[in-house]
Amino acid sequence: MNEQASDRPVRMTVPDLASAMIAAAVAVWIVIESRRWPAPDFVGGPAVVPLLVATVLFVCAGLLLRTALMGRSAVVEEPLQATQFRRIAIMVAATAAYAGVLEKVGFLPATMVYLAVFTAVLGLRDRRMLIGYSVLLPAAFYLLFAVVLKVPLPPAQWPL
Amino acid sequence: MTLDRRTLIAGAALGSVLSAPAIAQTFQRDITMVVPWAAGGGTDTLARTLVKNAKQHIGVGINVVNRTGGTGAVGMQSVSTARGDGYTVGLITFHLSAYRLMGLSQLSYRDFQPLALLNRTPAAFSVKADSPFKTLKDLVDYAKANPGVVTIANSGAGANTHLSAAILAKNTGIRLSFVPFDGGAPARTAMVGGHVSALVSGPDEVLQYVKTGQVRFLAMVGEQRHPSFPDVPTVAEAGFPIKEIIYDWRGVAGPKNMPADITRALNDGFAKMANDPDFIALMDQVALPRVYMNGADFTTFLGTMETSLEPALAEVGLLRR
Amino acid sequence: MLDLALLAKGFGTVFQPSHLFILVLGTIGGIIVGALPGLTATMAIALLIPFTFSMGPTAGICMLLAVYTAGIYGGGIASILIRTPGTPAAVVTVLDGYPMAQKGLAGQALGLATVGSGIGGLFSALCLAIFAPLLAAFALRFSAPEFFALAILGLSVTVTLTGRSPLKGALSAAFGLVIAMVGLDPIGGFPRFTFGTTELAGGIAFVPMLIGLFSLSEAFRQIEIIETVERMTAKIGRVVPRINELVVHKWTMLRACLIGITVGVMPSMGPDTAAFMSYAETKRSSDRPDDFGKGEPAGVVAAQTAENASTGGDVLPMITLGVPGDAATAVLMGALIIHNLEPGPLLFRDHADVVHMIFAALIVANISFMVLGLLGARYFAKVLNVDRRLLVPTIVLFSLVGAYALNNNPSDVWVCLIFGIIGYLMQRYDFPISPMVLAVILGAMAESNFRRSLAMSQGDPMIFLSRPIACGILIVALLAAFSAIRRQIALARRVDAAGAR
């Protein structure tokens, strides 16, 4: 998302169009999917409620599409700055990577790396603080939950 | 570390082959038992009671881990794909017999090494005390004359209760209206509240109500009468012989590829645990019929179960092949 | 009827040292989370569910109820000190609380806010204890058609739980209904919308979804705005109010209590509406209405008392009927289900001891935050200056690990993450989250009971009209939906008119 001149209001036309499309797509998918289900003996089979919801989705999508095309979408109060967007994109990616390797690498090493990246992205520059935090928090977390409270955490073993 | 563990296990395995009394040393550390249902539920309670005294019986403890999701398939799948070193076993339940037939998962008992059957519960037909149906025959006759009018509550679509009632309907050529609920308790409440004509459930679900006289059993599915309810006829005795007897069951299994000596050690260990007084006391208290079978018999039972389920699932339109 | 012997037993349970300790811990956590802008009571409950799980039901519920009540109170602290409401409901407290702080009366404002919240909460907990058993006893006669009607009533008003656009609220609720349908069909028992996967056969895991929507999404939002966090500079002063400072507000408090509990019981109206209505009513009936907004203590009392007075009202329909009225109670309901205590009339019959323990815990929780708030408000205020760069990663860690720990299922972490992103985008583009969450619960309840009813009647839809209770609730639902739509249209006109100018 690009930075805009502050005197022109940024409208959520694109997000509104996108959500209308998603809603319509989901509705179509429901209709297609529900035709494969067995027909019931009487009214109230498995497809009744899904088809009703699909109708609601269609109507909402249509109305939202109209609002967006008429240029009457709501105004974005705080437009997303490029730096903010980049920061969130990095953290979403990092979080996905963390979720992906959590069980394979083990809780402690994965979490320590993840937290170090996280705090650095958020702008923490004090290196001692950064390392202390990303080493001590996972350790404390592990001790408190896995050892004391017996909450099942992902396996903690080091890869060695 | 992994290498060390393997060496240890290999050593232990060798030891137990060489000297029979060394069986207690088969396991060097605690075993994990995966329960595919939530903590606090019936299956979980059973598992936790079963392993309470594991240390006395196999020399090491057994830790229960609840791994839920996918109507039990997530937890069971994790056992079937676990390393076959004997340190991961799991509770398997009735649903395993149905996954493949219902098209929910390819998982079946063939992916496991069954170790012990612990419990087998039949379905019981019951009605409210003031119901006009005095026997199962009354109910069937009435349903014959008025197709679809008899409503019968069960604990969920595809559950053993639902399927047992469906088999009865199929064999007698009647039409029943099945009303599935989300579990046994709400189904029972609907019957006691007079919102449905009858209930098919595990006998334990209505035990309290039968004792106070609010509910009456009509009949129970099974080859013989239920030991806790000797006065209640079987469905066959009530006049409707059924070939496909569908039980709700719970048992212990490990991954398929376990070495023979480890399988044997676990088999023996769970046999002892299933006969532990604490376990017996719990099962009696909640009126869950204790039926022990060793791994081999359990495997045969699971095979029969699938053959019985197939026509029942077809009858209620849940068979997917 | 309220069973006093069981209630006494409930107090006995709550006052066991370990439970009391956990409850106080929950109170402290609740106040802190409530005070931090962006972190809400709803989020705190969602985050804690997996961790309360290993404590067992009694201790876990004590903790969650303490977090709930204290979190709603704690929102006022940030309102007064940094003019940013800690929770959405505390918006009204800003109106007079912040001007008071500017005049150097921050301590007095905090004291009045604390006592007001405490008294409102106590009143509402007592009302809950008295009325819930009556309603539950009545609801025992309910069966599938009645529960269907209740779910429809809940759904008919979820659309009003919206931010600026009712259309987006409706779309959010519709997506919630789609989510509710994923998994095994509740009546037929075969898979719908599962893409043939085993993981989805049991539906989308509810609690990981909640953690994603309420907690992870907020963390993403905080990542976005990390540079622009307000810091607290106000001097606090004496917090504990004198008796006569309280006595002058007795009518304000009573009015706020009555408004709060009534608004709370209404589906889809929670602490925020209660605070608004109580504030408006107090201002209207005051002899000096012009002082409001300029640091009038009665304004703070009216807002905070009503906010907490609505908590018992919100819990009432959730615990007796299984119909949550707002997001916080929807999450609490999820917590109870996780602990194998499915809310509804059966809970009162089968787990009467737990229900009375809940009443006792709610009463004690309100006293607990009142005492801790009076003694420690000045220290709690310090969390406003905590370094967000350390706080936000901690929240994310709690979210992800909590999602994993609940079922030991790695795919739940993905559910949490995906809904975290969805929730962030929804917030960013004006789609309210609460209708979605309520629709997940109510949609499942509506569909299964709709079809169960038809199975009972062999397909005859008259079953919904021939049963008086079901029919009555459906008529109320129709009226509620109708008036909600009218209100929204009027509101949209006003917004349009304002935009045209």
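The model shown is predicted, which means the values in this text are computed figures rather than measured ones. So that the names make sense, note that chain A is the first sequence line, chain B the second, and so on, each numbered from 1.
- In this structure, chain C has heavy atoms under 4.5 Å from both the backbone and the side chain of T95(A).
- Top candidate by heavy-atom pairs under 4.5 Å with chain A, chosen from I421(C), T394(C), L425(C), is T394(C).
- Interface summary for chain A: among V401(C), V392(C), L216(C), the most heavy-atom pairs under 4.5 angstrom belong to V401(C).
- For chain A, the nearby parts of I223(C) are the backbone and the side chain; heavy atoms of each come within less than 4.5 Å.
- Between Y114(A) and L400(C), the closest side-chain pair of non-hydrogen atoms falls below 4.5 Å.
- Sorted by first and then second residue, the side-chain hydrogen bond (donor to acceptor under 3.5 Å, both in side chains) pairs with a member in residues 58-68 of chain A form an empty list; sequence neighbours excluded.
- For F398(C), the parts lying near chain A are the backbone and the side chain together; criterion is any non-hydrogen pair under 4.5 Å.
- Among I418(C), L417(C), L177(C), the residue making the largest number of heavy-atom pairs under 4.5 Å with chain A is L417(C).
- L122(A) CG to R87(A) CZ: the interatomic distance, rounded to the nearest 0.5 Å, is 7.0 Å.
- When atom types are taken as modelled, the side chain of R192(C) and the backbone of D185(C) share no donor-acceptor pair closer than 3.5 angstrom.
- Among residues 20-30 of chain A, the residues having any heavy atom closer than 4.5 Å to a heavy atom of chain C are, in sequence order, I22(A), A23(A), V26(A), W29(A), I30(A).
- Your options are L57(A), V92(A), I88(A), V53(A), and the one with the most heavy-atom pairs under 4.5 Å with chain C is I88(A).
- The aromatic rings of F464(C) and F450(C) sit parallel, their planes meeting at an angle under 30°, below the 60° perpendicular limit.
- In this structure, the portions of L171(C) lying under 4.5 Å from any heavy atom of chain A include both its backbone and its side chain.
- Take E224(C) and apply the salt bridge (charged side-chain N to carboxylate O under 4.0 Å, His left out) test, not counting sequence neighbours, and it matches R221(C), R428(C).
- Judged purely by atom type and a 3.5 angstrom limit, T52(C) uses its side chain to pair as donor or acceptor with the backbone of I49(C).
- For L64(A), the parts lying under 4.5 angstrom from a heavy atom of chain C are both the backbone and the side chain.
- For residues 123-133 of chain A, a heavy-atom distance under 4.5 Å to chain C picks out G123(A), L124(A), M129(A), Y133(A), given by residue number.
- When heavy atoms are compared at a cutoff of 4.5 Å, S453(C) does not approach chain A at all.
- Note on D16(A), V56(A), V121(A): by heavy-atom pairs under 4.5 Å with chain C, the leading option is D16(A).
- In terms of modelled atom types and a separation under 3.5 Å, the side chain of Q458(C) and the main chain of M456(C) share a donor-acceptor contact.
- Checking each of D412(C), N409(C), V413(C) against Y404(C) for a side-chain contact (heavy atoms from CB on, under 4.5 Å) leaves exactly one that passes, namely V413(C).
- Residue I187(C) does not touch chain A at all, counting heavy-atom pairs closer than 4.5 Å.
- Contact of the M426(C) side chain with the S217(C) side chain is not registered, since no non-hydrogen atoms from C-beta on lie closer than 4.5 Å.
- Between the CZ atom of F51(C) and the CG atom of L406(C) there is a distance of 9.5 Å, given to the nearest 0.5 Å.
- With S172(C) contributing its side chain and P432(C) its backbone, the two residues share a donor-acceptor pair below 3.5 Å.
- Taking SG of C60(A) as the start and CZ of F175(C) as the end, the distance is 9.0 Å to the nearest 0.5 Å.
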